[in-house]
Number of protein chains: 2
Amino acid sequence: MARIKDVALLAGVNRSTVSRIINGEGKFRADTKRKVEQAMAELNYRPSAIARSLATASSNMTGLLVTYYTGGFFGEMMNQVQTELDLHKKFLITAQGHHSAEGEREAICRFHALRCDGYVLNSRYLSDDELRLLAKEPTPFVLLDRSVEGLESRCITFDHSLAGQMAVDHLINQGHRKIACITGPLNRTNSRQRYQGYLNALSTADITVDQTLCAEGNYGRESGYLAAKKLYQSHPDLTALFSCNEEMMGGALQFFHENNVSVPQQVSLVSFDSIDRCASFYPTVSAVHFPISKMARVAVEVLINLIEDKDISIDRHFEPQLVIRHGDRVI
Amino acid sequence: MARIKDVALLAGVNRSTVSRIINGEGKFRADTKRKVEQAMAELNYRPSAIARSLATASSNMTGLLVTYYTGGFFGEMMNQVQTELDLHKKFLITAQGHHSAEGEREAICRFHALRCDGYVLNSRYLSDDELRLLAKEPTPFVLLDRSVEGLESRCITFDHSLAGQMAVDHLINQGHRKIACITGPLNRTNSRQRYQGYLNALSTADITVDQTLCAEGNYGRESGYLAAKKLYQSHPDLTALFSCNEEMMGGALQFFHENNVSVPQQVSLVSFDSIDRCASFYPTVSAVHFPISKMARVAVEVLINLIEDKDISIDRHFEPQLVIRHGDRVI
DNA sequence: TTGAAAGCGCTAACAA
DNA sequence: TTGTTAGCGCTTTCAA
């Protein structure tokens, strides 16, 4: 593979001239420029991003930690981050956390090893303390969908509790009283907040909470199916169900279909949803929209400001929005 | 960030000694090793993968081109490739082709710029000729789910035509004659092959092909919905449907549910499926399994053999397998 | 078992 | 407008 030296030799100029022309820095005689460009073409020269990184002490790489590559939620996150990075001509390095603090740590090590200029963390298992410690190191990072005291300027946040409350309020306003809930893993903060929203809505409406109307899932489709089964079999008279994500709602719907529980005639549904999956269910299901797409874009913007040491103020907090569809009704 | 020089200084040894200890090359006095390790810990030293790349002329990075990051199919591909690369301590660089030859070319440029040791291409838009040309360059690559004459040793292949035929044979064996088909985009080879399998099955069974029983989709869920609608409305007497992927089958199922077409009583279904999505439909749907997971793993294995210039023979061709579920029945 | 020194491909002062 | 030169942080011969 041709090096800058070869190009310089062929064009009869100095290496630094070639370097300047590549990077468009300064002025050159038209003749010189032509010769260099011709030499580059002839040799099929492609600058080494690696050598450049070493020389400039900036890799132009940006890391992104997600839990998994699979699943519509993470795919959308990666997609948005890549799109935003493309705008800035930066490389994306992805890594999976695999549902453990150790996995997340390893991912960050990878970002450090590659000397990423910065990274976006969708971290679920590192403690606030560990993140605060990490923030003392020179490489900047941003937290996507997480709120850590002391790191506010790097946090892209969403009010999960309010979102959950809005969803359940909607059901209550339709006259529902016996409302079941499928939660995410309650060892995770955001999951607990969504659940808290459910509790807040009930309590505001003076509806007594019945623990047996709540089942814990793991955000996977199968867990939604099983939770719906458990809830429906113990409470065949429930009139509404709130699911804390779209995948579990898909599973729940499958259970209702299989058991001839008509939606929304027998059971009204409302879900959390980040990727408008609920629009493609049968029937379509109302949902509070969790705007992960926009949040991911903003995460990159904030990160780049951090990297470039700019001080631009960007709104980092996002509000839930209720999208009404057909899977629920007034009773 | 601490450099190897700092570690050497602190430990009172030469830089090359530190380097050797890091890479475990040669023998050292226990005392030296201890001193160096202590110095590394004290300085929180992390070797720069970038500097190492430059020095060794090997970046330890591997590229992967997919069409998009979203969608279960590509997510699974990335997941498997990453898992396999982790085993070999290699970094993954992903890029999206975005449904165009230009996009795929740009992705490859990126791999070259980063001096990836090799890359895996799930290329859909580069011509065979262009790929053959690319193969003349020194960086090795492997083609995932593609067959190019002259590049056989780098192709991980699947018999899409046979798979399609097996799916439709199954329906024919159940007594179906009026079998509709939702194809993928027919400008793509693999899509055409799946469709060809449908045609082959009919022709083998002496069933006349009715073009109006076929509709072209784009592998997206929505297109499956629309295709099912078109097909069912023009042929309410069709008894079976073959979908060329799982997403479109999901859309078709939604149409049938919404219009009270019972499955499998009125319409039997069989699909292509790479990620066992059909197991989570209601009802579950039989499918020919397209083993993209295994193929992705093998792609990496083959690539690594290429990179390391090993000559290990690996089976690169995969056979379809029919998975029977509940969405079809004998008539 | 360790050290000295050259070099990977590029950029960036400083000079001219 | 262009050339000279010294690194960037690491590995790797060769020598000791």
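Here is how names work: the chains are called A, B, and so on, in the same order as the sequence lines, proteins then strands, and each is numbered from 1. The basis for the numbers below is simple: all heavy atoms, side chains too, and nothing from hydrogens, waters or symmetry mates.
The phosphate of D/dT11 has OP1 or OP2 within less than 4.0 Å of a side-chain N or O from B/S19. The side chain of A/R52 contributes an N or O atom lying less than 4.0 Å from OP1 or OP2 of C/dT11. Between A/N14 and D/dT2 there is no side-chain polar atom (N or O) within less than 4.0 angstrom of OP1 or OP2. Taking side-chain N and O atoms only, B/S16 has no distance below 4.0 Å to OP1 or OP2 of C/dT2.
Mapping B/R115 and B/R15 onto DNA chain C by nearest heavy atom places B/R15 closer to the 5' end of the strand.
Within a 6.0 Å sphere centred on CD of B/Q38, heavy atoms belonging to other residues, nucleotides or ligands number 12 at most. Crowding of A/N187 atom CG: a count of heavy atoms from other residues, nucleotides or ligands under 6.0 Å exceeding 12.
Judged by a 6.0 Å distance limit and a 45° cone about the ring axis, A/R20 is not positioned over the six-membered ring of A/F28.
Here C/dC10 is the nucleotide among C/dC8, C/dT1, C/dC10 with the atom lying nearest to any side-chain atom of A/Y45. The nucleotide whose nearest atom lies closest to any side-chain atom of B/T17 is, among D/dC10, C/dG3, D/dT1, C/dG3. Taking every side-chain heavy atom of B/R29 into account, C/dT1 is the closest of C/dT1, C/dC10, C/dA4. The nucleotide whose nearest atom lies closest to any side-chain atom of B/I4 is, among C/dT2, D/dC10, D/dT1, D/dC10.
If you check distances only, the side chain of B/R3 never reaches the base of D/dT11 with a donor-acceptor pair under 3.5 Å. A donor-acceptor contact under 3.5 Å is not formed by the side chain of A/R46 with the base of C/dG9.
The pair B/E37-B/R34 does not meet the salt-bridge criterion, since no charged nitrogen lies less than 4.0 angstrom from a carboxylate oxygen.
In this structure, the CG atom of A/L54 is 12 Å from the P atom of C/dC10, given to the nearest Å.
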